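Remember, predicted model here, so these are calculated numbers, not experimental data.
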Amino acid sequence: MNGRFLPPPPTNEPIFSYLPGSPERAALKAKLADLRAETLDIPLVIGGKEVRTGKLGECRVPHDHKHLLGTYHKAGKDEVQAAIDAALAARKEWAALDWQERVSIFLKAAELLAGPWRSTLNAATMLGQSKTVFQAEIDSACELIDFWRFNSNYMAQLYGDQPGSGPGMWDRVEYRGLEGFVFAVTPFNFTSIAGNLPTAPVLMGCTVVWKPASTAVYSAHYLMQLLKEAGLPDGVINMIPGSGADVGPQCMAHPELSGVHFTGSTAVFQDMWATVGANIKQYKTYPRIVGETGGKDFIFVHKSANPDEVATAMTRGAFEFQGQKCSAASRAYIPKGMWDAVKDKVVEQVTCIKMGPAEDFTNFMSAVIDKASFDKIKGYIDFCKNAPDAEIITGGGCDDSTGYFIEPTVVLTSNPKFRTMQEEIFGPVLTVYLYEDEAYEETLKLCDETSPYALTGAIFSRDRYAVKKAHQILEHAAGNFYVNDKPTGAVVGQQPFGGSRASGTNDKAGSLFNLIRWTSVRTIKETFVPPKDFMYPYMSEK
C-alpha cells in the first residue's frame, strides 16, 4: 500500500465503576448468570478447527468447587504435532501480510473487548479464576485492551527506527517475524497475560502454539473466540490445553522452535531453559527465551513514612486477588518505632475484609485457584503457627468445604531469613520483620540479599535522602520499583512490567523491549551507482 501509516495514538482503557444501578453492572450480572447456567465442552483449536480428544479436564468455580463450568479436551502427542504443523503452515502468509493489516486485527480485538465482549471476558474470569469485579475489570478488560492498543503503537515505533545512509546509497532495516514457531505458556492469574503472551509475537509476524494454564482454560476459550471474531486467520494461534508434561517437551525439542514466551514458576522456566540448552544443536535457529517467573515482593518502610499509607499499601498489595499476583506484597520491613501504629491499622483493615463468591460485588477477596494451591498455602500458614520465631497477627483460617478460601494472614517474625520471608507462597500471606529504627541501611542490604527474586518492591518514606539510599541499595532487587505506593498494579504504557534474577528475563511486557524479542532484523544496503573498477585511488603510482 502507498502510504506511511500510523496506528491511532493509544490511550489507557477507562476502568468501569460497576456502581449499583450502572449499565455495566447490570450487563455483567446478567452475563454471570448466563455463563453459570451452561456447561461448556471446550475443544482444542488447531489450524482454526475445533479438535476433541476425549481426554478431559474440568473447569470448576474456585469459590464454589462443586459447580462445573465445563470440560476441556487435552492435547496429546498427535495434537501437539498438529498444532506445530499448523503454526508452521500459517507462518509464511502471516509474516508476509502488511503490518498494518496485522495491527488492524488487534485494534479491532481491543474495540470488541472494550464493548460487546467486555462482560463475557470479565464474567469468565470472575467465575473461572475467582476474581472480584474490580480485579477482573482491571485485568481481563482494561489491561488486555491496553496491551493490544499500545503494542500496536510500539510496533510502528519500532519499525520507524531506521539507520542513516552514506552518500550514494540507501540503508534500511526490516523487522522480520521469527522463523519457526513460538511456544506461549500462560498462567492462571491474569487473563490479560494469557491474551498478551501469544499475541505479542503474532503482532510481529510470528505464529504461535499456545498452552494456557489448566486452571484458566475457561477464559482462554473465550479469548480464542474473540480473536476469531476480530479476524485472526486460522493457524496463527493454536490453542492446545493439556498437562505441561504432555505438551511442553514436544514443543521445546522441536527443531523449528523459534521462541518461548512464558509466565509461570521459576522451576518450570529453568527446566525449559535447560531443555533449550540441551537441544541447541538441533534447532534451526537460536530460540528467543522470554519469561516472567514470580517474585517475593517487598514493602520497605522508613521511619519517616506515614503509617496509614503503609498499612493500606500492605492490605491492598498483599491481599487483592488473594495474593495470587506475581507482584503481590509478600514481605514487609518496618521500623520498630512505627510498628504499633501500622499494626493497629492493618489489623483494623484486614478484619473488615469481606471474603466470599466473586459474584457478590461487596467482597474484597474470593477463593484461591484450586485444591493444590489451597493445600500449599495452608501448609505455609500451619508452619508459621508452629514456628517459635513467628506469630500470626491476624487471619490464618482456611476452609475448603465450599470453595478454596484462605483468610488474609499477617505473620510477624523475629527472623529476617524466616521461610516465609524468602519463599514465594502465591497466596494471601504477608510476613513482617521489624528492624531497629536506625538500622535502615543495613536492613536495606538484608532485603536485597534475602530472596532470589527481583520482580517488584516498594519504599515508603517522606525523606528524599532515604528514598535515594533505597534506590541505590535495592538497584537490582526489583524490576518494578515503587515509591510511596503498593508494589502491584503496573499499567501498560506507564510501568513496563518485569523483573530479573529468579523473576525472569525482564523483557518488560507491554513495551517495545518485549516486541523486539519477536523480530529478527535484516539490514538492506542499496548502492545506486556501483563501482566498475576494482582499483582504489590509493593504489595509483602518482
task = Report yes or no: do Ser500 and Asn506 form a side-chain donor-acceptor pair below 3.5 Å?
result = no
ask   = Ignoring hydrogens and geometry, is there a side-chain-to-backbone donor-acceptor pair from Gln495 to Val491 under 3.5 Å?
value = yes
request  = Check Ala141 against Leu113 and note the closest heavy-atom contact, atom names and distance.
outcome  = O-CD2, 3.8 Å
key: Arg462 (side chain) donor-acceptor with Lys303 (main chain) under 3.5 angstrom   = no
query = Mind checking whether Cys206 and Arg91 have side chains closer than 4.5 Å, heavy atoms only?
reply = no
His261 and Pro198, any side-chain heavy atoms less than 4.5 Å apart = no
query = Are any of the side-chain heavy atoms of Asn122 and Thr125 separated by less than 4.5 Å?
reply = no
key: Pair His254 and Phe183, ring centroids less than 6.0 Å apart   = no
ask   = When you measure from the side chain of Gln135 to the backbone N and O of Glu137, does any donor-acceptor pair fall under 3.5 Å?
value = no
query = Are a donor atom and an acceptor atom from the side chains of Gln129 and Thr215 found within less than 3.5 Å of each other?
reply = no
message = Within the 3.5 Å criterion, strictly below it, is a donor on Ser304 or Ser461 matched to an acceptor on the partner's side chain?
response = yes
key: Residue pairs passing the salt bridge (Lys or Arg N to Asp or Glu O under 4.0 Å) test where at least one lies in residues 149-171, sequence neighbours excluded   = Glu13-Arg149, Glu111-Arg149
request  = Could you list the residues that satisfy side-chain hydrogen bond (donor to acceptor under 3.5 Å, both in side chains) with Lys131, not counting sequence neighbours?
outcome  = Asp139
ask   = Tell me, do Trp518 and Val290 make a side-chain contact under 4.5 Å, heavy atoms counted?
value = yes
inquiry  = Quick one, Thr263 and Val185 - any side-chain contact, counting heavy atoms below 4.5 Å?
reply    = no
ask   = Which is it for Asp85 and Gln81 under the side-chain hydrogen bond (donor to acceptor under 3.5 Å, both in side chains) test, yes or no, and what are the steps along the way?
value = CA-CA 6 Å; Asp85 292 344; Gln81 186 60 54; 2.9 Å; yes
task = For this output row, return yes or no: ring centroids of Phe460 and His302 closer than 6.0 angstrom.
result = no
request  = Can you sort out the partners of Phe147 under ring-ring contact (aromatic ring centres under 6.0 Å, His included), two or more places apart, ordered by chain and number?
outcome  = none
message = Is any side-chain heavy atom of Thr207 closer than 4.5 Å to one of Val202?
response = no
message = What's the separation between atom OG1 in Thr191 and atom CG in Leu144, rounded to the nearest 0.5 Å?
response = 8.0 Å
task = Using a strict cut-off of less than 4.0 Å between a Lys/Arg side-chain nitrogen and an Asp/Glu carboxylate oxygen, indicate whether Arg288 and Asp507 qualify as a salt bridge.
result = no
request  = Calculate, to the nearest 0.5 Å, the distance between atoms OH and CD belonging to Tyr453 and Gln422 respectively.
outcome  = 11.0 Å
note = The side-chain hydrogen bond (donor to acceptor under 3.5 Å, both in side chains) partner of Asn151 among Asn514, Thr199, Asn196 is Asn196
query = Does the pair Glu174/Arg176 count as a salt bridge with the N-to-O cut at 4.0 Å?
reply = no
remark   = For Ala83 and Asn238, the nearest pair of non-hydrogen atoms, with its separation, is O-ND2, 3.6 Å
note = Correct closest heavy-atom pair for Val301 and Ala305 would be CG1-CB, 3.8 Å
message = When you compare the side chain of Val209 with that of Ile240, does any pair of heavy atoms fall below 4.5 Å?
response = yes
key: Minimum heavy-atom distance Lys525-Met169, with the two atoms named   = CE-SD, 3.4 Å
task = Kindly give the heavy-atom pair with the smallest separation between Gly294 and Ser503, and that separation in Å.
result = O-OG, 2.6 Å
query = Any cation-pi pair here, Arg118 with Phe16, using under 6.0 Å and within 45°?
reply = yes
ask   = When rounded to the nearest 0.5 angstrom, what is the spacing between OH in Tyr222 and CG in Leu226?
value = 12.5 Å
inquiry  = Quick one: does any side-chain atom of Asp297 pair with a main-chain N or O of Gly457 as donor and acceptor, under 3.5 Å?
reply    = no
message = Using 30° and 60° as the class boundaries, would you call the ring planes of Trp273 and Phe269 parallel, tilted or perpendicular?
response = perpendicular
query = Mind checking whether Tyr175 and Tyr159 have ring centres under 6.0 Å apart?
reply = yes
ask   = Does the ring center of Tyr72 lie less than 6.0 Å from the ring center of His221?
value = no
query = Which atom pair, heavy atoms only, marks the closest approach of Val217 to Pro212?
reply = CG2-CG, 4.5 Å
ask   = How about Tyr440 and Phe300: are their ring centroids closer than 6.0 Å?
value = yes
message = To the closest 0.5 Å, what do you measure between CG (Asn480) and OG1 (Thr488)?
response = 11.0 Å
ask   = Under 3.5 Å, side chain of Thr456 to main-chain N/O of Ser327, donor-acceptor pair present?
value = yes
remark   = Rounded to the nearest 0.5 Å, the SG atom of Cys447 sits from the OH atom of Tyr435 at a distance of 10.5 Å
ask   = Under the 3.5 angstrom rule, does the side chain of Gln162 hit a backbone N or O of Val173 as a donor-acceptor pair?
value = yes
request  = Indicate yes or no: at least one non-hydrogen side-chain atom of Cys326 is less than 4.5 angstrom from one of Asn189.
outcome  = yes
inquiry  = Main chain of Met535, side chain of Asp533: is a donor-acceptor contact present, judged purely on distance under 3.5 Å?
reply    = yes
key: Rounded distance (nearest 0.5 Å) linking atom NZ of Lys211 with atom NZ of Lys74   = 9.5 Å
inquiry  = With no hydrogens and no angle check, just 3.5 Å: does a side-chain donor-acceptor pair link Trp117 and Glu229?
reply    = yes
query = Under the 3.5 angstrom rule, does the side chain of Thr450 hit a backbone N or O of Leu446 as a donor-acceptor pair?
reply = yes
ask   = Hey, is Glu423 close enough to Lys296 for a salt bridge, meaning N to O under 4.0 Å?
value = no
request  = State whether the side chain of Lys508 and the backbone N or O of Gly479 hold a donor-acceptor pair below 3.5 Å, judged by distance alone.
outcome  = yes
